Amino acid sequence: MNDLKRRDFLKASAALAGAAAAGGFSCVEIASAAPIDVPTIDKLSMRVLIDQQHDQFLPNSTVNGVVHEGPGPARSPDARNVLHNQWGLSLFVESQREQEQRAIMVDFGYTAPALINNIGLLKVDPGKLQALIVSHGHIDHYGGLIGFLQNYRGVIPADVKLYAGGEDNFCHRMRGNSPGQLSEGGTLDRRDISAQNVTTVLCETPTVIADHAFTTGKIKRNSMERILPNGFVDYTKEGAACEYGHYTATELQGKFVADEHVHEHATCFNIRGKGLVVISSCGHVGIVNSVRQAQEVSGVQKVHAIVGGFHLGPAPADYLKQVVAEIRKLEPDVVIPMHCSGLNFLLEARAQMPNNVIQTSTGSRLTFSA
Ligand SMILES: [Fe+2]
């Protein structure tokens, strides 16, 4: 089946059957392309389940109305265990509108044992989850997913869905800067998700998640940000359920091509009276682009918070300065860099926006309120 036909088939199947059998892979839906009604919520609480470090001395603080509770020691009662840290990100996000409460998880860290360990120590309840979101197809964001499901599927509601930005989330990736020097990057195989009775929804267009959140859909690249390839991708690897109509026949001849992160999407909330909270997990598509896309699809211009990984760790100093200046122009109340944002980003953001930056670590809790 060629790409176009297959995608039409996916859409038709999703429309007819809800959870379609698509090219041999069950449980795939395509999100509706209709414009969304962006929900407004009263309160948002975000727990950092996985980041690269646990800093027990991080102080509690309130910055422009956003409350940060540092993780503290976060040890087990017998003192023999503590939070695990690794390259990657995972967030447990609870929201409230009047008396209505929702919980979603955004990304799953690199490995399941670390994620499961921290869920236990931080006492978050996977039984509350109404939706799972994977930000993009990199293993430091989906690596813990299957093990997480294997461990908790019995308590997670039966109808939970995994929301991904698009089909190329599931392509085979290789790490490295040139085709001659690549190392394995991994693949998120949809069959492993289906085996856990979780339907995957491909959200190439903005999508409301669990009544309270929304995703940006595909993010346009229209800022000064340079979207450099961060690795390579094979769009044809057999078994990975990865076929993507964006690519030409030449690109689809079994060779690795530069990864443009076509599918990366951001998860957002609109806090009543405060504006947007935009969660970018890795920001390969540009953090300014991501925020602008959230503004465009929601019609909400006020940016309350920019949170997550901004992928500026390896950025040259002059470029970093420019990006931070562009972030400042967005006038966010707070900027909360995590994961791949980089120490240099934290320092530059503090220099340019001294009253707007919150530093977090694994175990931190952030609260945003109307
Ligand atoms: Fe990442």
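Remember, it's 1-based here, ligands and their atoms both numbered in the order they're listed. The structure presented is a predicted model; accordingly, all values stated were derived computationally and were not measured.
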**OP:** Could you tell me whether the Fe ion (ligand 1) has an N, O or S atom of C282 under 2.8 Å away?
**Re:** yes
Subject >> Identity of the N, O or S atom of D140 lying closest to the Fe ion (ligand 1) >> reply: OD2
Original post:
Strictly under 2.8 Å, is any N, O or S atom of H311 next to the Fe ion (ligand 1)?
Top reply: no
**OP:** Might you confirm whether atom CG of D318 has over 12 heavy atoms from other residues, nucleotides or ligands at distances under 6.0 Å?
**Re:** yes
Original post:
Do any of the N/O/S atoms of H339, backbone or side chain, fall under 2.8 Å from the Fe ion (ligand 1)?
Top reply: yes
Subject >> the Fe ion (ligand 1) to H141: nearest N/O/S atom name >> reply: NE2
**OP:** Please state whether the rings of H339 and H141 are parallel, tilted or perpendicular, taking 30° and 60° as the class boundaries.
**Re:** perpendicular
**OP:** Measure across P71 and H54 and return the closest heavy-atom pair with its distance rounded to 0.1 Å.
**Re:** CG-CD2, 3.6 Å
**OP:** Kindly indicate whether a cation-pi arrangement holds for R47 with F92, taking the cut-offs as under 6.0 Å to the six-membered ring centre and within 45° of the axis.
**Re:** no
Original post:
How are the rings of F345 and F310 set relative to one another: parallel (under 30°), tilted (30 to 60°) or perpendicular (over 60°)?
Top reply: perpendicular
